[in-house]
*Asks:* 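The structure follows.
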Amino acid sequence: MSTWGLLAEFADADELLAAARRVREAGYQRAEAYSPFHVDGLAEALGFTRNRVPAFTFVGGVLGGAGGFFLQWYSAVIDFPVNVAGRPLNSWPMFIPVTFEMAVLGAAFAALISMLAANGLPRLRHPLFAVAEFDLATRNRFFLCLRCDDPAFEPQRARELLQAMHPMRCVEVPA
């Protein structure tokens, strides 16, 4: 039976935060933490800095706005030009509301899609779901997982490191 990682269970957020810092100092780069609520400083302790969601949101907004403007311009100037009282065909001020709304829509879709992709969602099966105690992560427990695909992971050393932090329990996560 292959192992996906080692999972340590802690009773409170302070223990989890201290454990995350210690694991990061030990050289683990792909450690994951799970808690029932936001823990200040946990992301930084795990080495998480930035993601690309804001950049994709900006690109989605620009493309949505440009697409909305082009759609209106093409239909008013190229496809079906109507000369109303000698006004110009490319009357850009009247295109602004739809351009703005399409920019917002494009940014929202890009943010949603990039967030789902960055989180690896939708994921119907995850190895941690096989651990019986892991359902407590949504209620009152805090978990730290050292994954086997981390370059610093050695099973015996990882188990000793986690045991030294005195977790409530430390279990192997089957792959």
Side-chain angles (χ1 to χ4, degrees), residues 4-10 12-77 90-129 131 134-153 158 161-162 165 173 175:
W4 188 79
L6 289 174
L7 185 68
E9 178 181 349
F10 297 96
D12 64 21
D14 294 331
E15 291 178 15
L16 175 67
L17 188 58
R21 287 186 178 129
R22 217 165 139 193
V23 162
R24 185 73 178 170
E25 289 169 2
Y28 290 91
Q29 299 174 357
R30 301 192 77 189
E32 297 179 357
Y34 303 91
S35 73
F37 53 82
H38 174 73
V39 177
D40 284 331
L42 184 59
E44 293 80 15
L46 289 171
F48 181 79
T49 53
R50 296 187 53 98
N51 60 35
R52 296 186 183 142
V53 173
F56 282 114
T57 303
F58 176 73
V59 169
V62 168
L63 291 177
F69 187 88
F70 176 75
L71 179 70
Q72 294 176 95
W73 174 83
Y74 178 79
S75 64
V77 176
N90 184 16
S91 181
W92 67 268
M94 77 175 189
F95 298 162
I96 296 301
V98 173
T99 300
F100 173 75
E101 293 300 329
M102 291 298 291
V104 170
L105 183 66
F109 277 141
L112 175 68
I113 292 168
S114 62
M115 181 272 303
L116 290 174
N119 289 325
L121 296 174
R123 182 182 301 165
L124 301 178
R125 186 202 172 278
H126 193 281
L128 287 172
F129 297 160
V131 177
F134 188 69
D135 67 334
L136 295 173
T138 60
R139 287 183 265 162
N140 60 356
R141 289 291 190 271
F142 303 86
F143 292 91
L144 182 68
C145 184
L146 299 181
R147 295 171 39 176
C148 285
D149 60 354
D150 195 308
F153 187 84
L161 176 65
L162 289 177
M165 295 180 234
V173 179

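Numbers here are sequence positions counted from 1.
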*Asks:* Taking it one step at a time, do Leu6 and Phe153 satisfy side chain to side chain contact (heavy atoms under 4.5 Å, CB included)?
*Replies:* CA-CA 10 Å; Leu6 289 174; Phe153 187 84; 4.1 Å; yes
*Asks:* Side chains of Phe95 and Phe70: closer than 4.5 Å at any heavy-atom pair?
*Replies:* no
*Asks:* Establish, yes or no, whether a centroid distance under 6.0 Å links the rings of Phe10 and Tyr34.
*Replies:* no
*Asks:* Answer whether the closest heavy-atom distance between the side chains of Phe143 and Val131 falls below 4.5 Å.
*Replies:* no
*Asks:* For Leu46 versus Glu32, what's the shortest heavy-atom pair and its separation?
*Replies:* CD1-C, 4.4 Å
*Asks:* How close do Arg30 and Asp149 get, heavy atom to heavy atom, and via which atoms?
*Replies:* NH1-OD2, 2.8 Å
*Asks:* Just so I know, are the side chains of Phe129 and Arg123 near enough to count as touching, which here means a heavy-atom distance under 4.5 Å?
*Replies:* no
*Asks:* Kindly compute the distance separating CD (Glu9) from CG (Leu162), expressed to the nearest 0.5 Å.
*Replies:* 12.5 Å
*Asks:* Is there a side-chain contact between Arg139 and Leu136 (heavy atoms, below 4.5 Å)?
*Replies:* yes
*Asks:* Can you measure from CG (Asn119) to OG (Ser114) and round to the nearest 0.5 angstrom?
*Replies:* 9.5 Å
*Asks:* Nearest 0.5 Å please: distance from the CG atom of Leu121 over to the CE atom of Met115.
*Replies:* 7.0 Å
*Asks:* Give the minimum heavy-atom separation between Arg141 and Pro36, together with the two atoms involved.
*Replies:* O-CD, 3.2 Å
*Asks:* How would you list, by chain and number, every residue that makes a side chain to side chain contact (heavy atoms under 4.5 Å, CB included) with Ser75, sequence neighbours excluded?
*Replies:* none
*Asks:* Might you point out which heavy atoms bring Cys148 and Gly5 nearest each other, and give the distance in Å?
*Replies:* SG-N, 3.7 Å
*Asks:* Using the ring pair (Phe, Tyr, Trp, His ring centres under 6.0 Å) criterion, which residues pair with Phe100? Sequence neighbours excluded.
*Replies:* none
*Asks:* If you compare all heavy atoms of Pro127 against all heavy atoms of Val173, which two are closest, and at what distance to 0.1 Å?
*Replies:* O-CG1, 3.5 Å
*Asks:* Are Leu42 and Phe48 side-chain neighbours, meaning at least one heavy-atom pair lies under 4.5 Å?
*Replies:* no
*Asks:* Would you give the length of the straight line joining atom OG1 of Thr138 to atom CZ of Phe37, rounded to the nearest 0.5 angstrom?
*Replies:* 12.5 Å
*Asks:* Determine whether Trp92 and Trp73 make a side-chain contact, defined as any pair of heavy atoms from C-beta on separated by less than 4.5 Å.
*Replies:* no
*Asks:* Once you round to the nearest 0.5 Å, how far does CG of Leu128 lie from CG of Asp135?
*Replies:* 12.0 Å
*Asks:* Rounded to the nearest 0.5 Å, what separation is found between the CG atom of Leu161 and the CG atom of Leu144?
*Replies:* 8.5 Å
*Asks:* Provide the full list of salt bridge (Lys or Arg N to Asp or Glu O under 4.0 Å) pairs with a residue in residues 15-29, sequence neighbours left out, each pair given once.
*Replies:* none
*Asks:* Can you see which heavy atom on Val53 is nearest to which on Ala111, and at what distance?
*Replies:* CG1-O, 4.2 Å
*Asks:* Just so I know, are the side chains of Ile113 and Phe56 near enough to count as touching, which here means a heavy-atom distance under 4.5 Å?
*Replies:* no
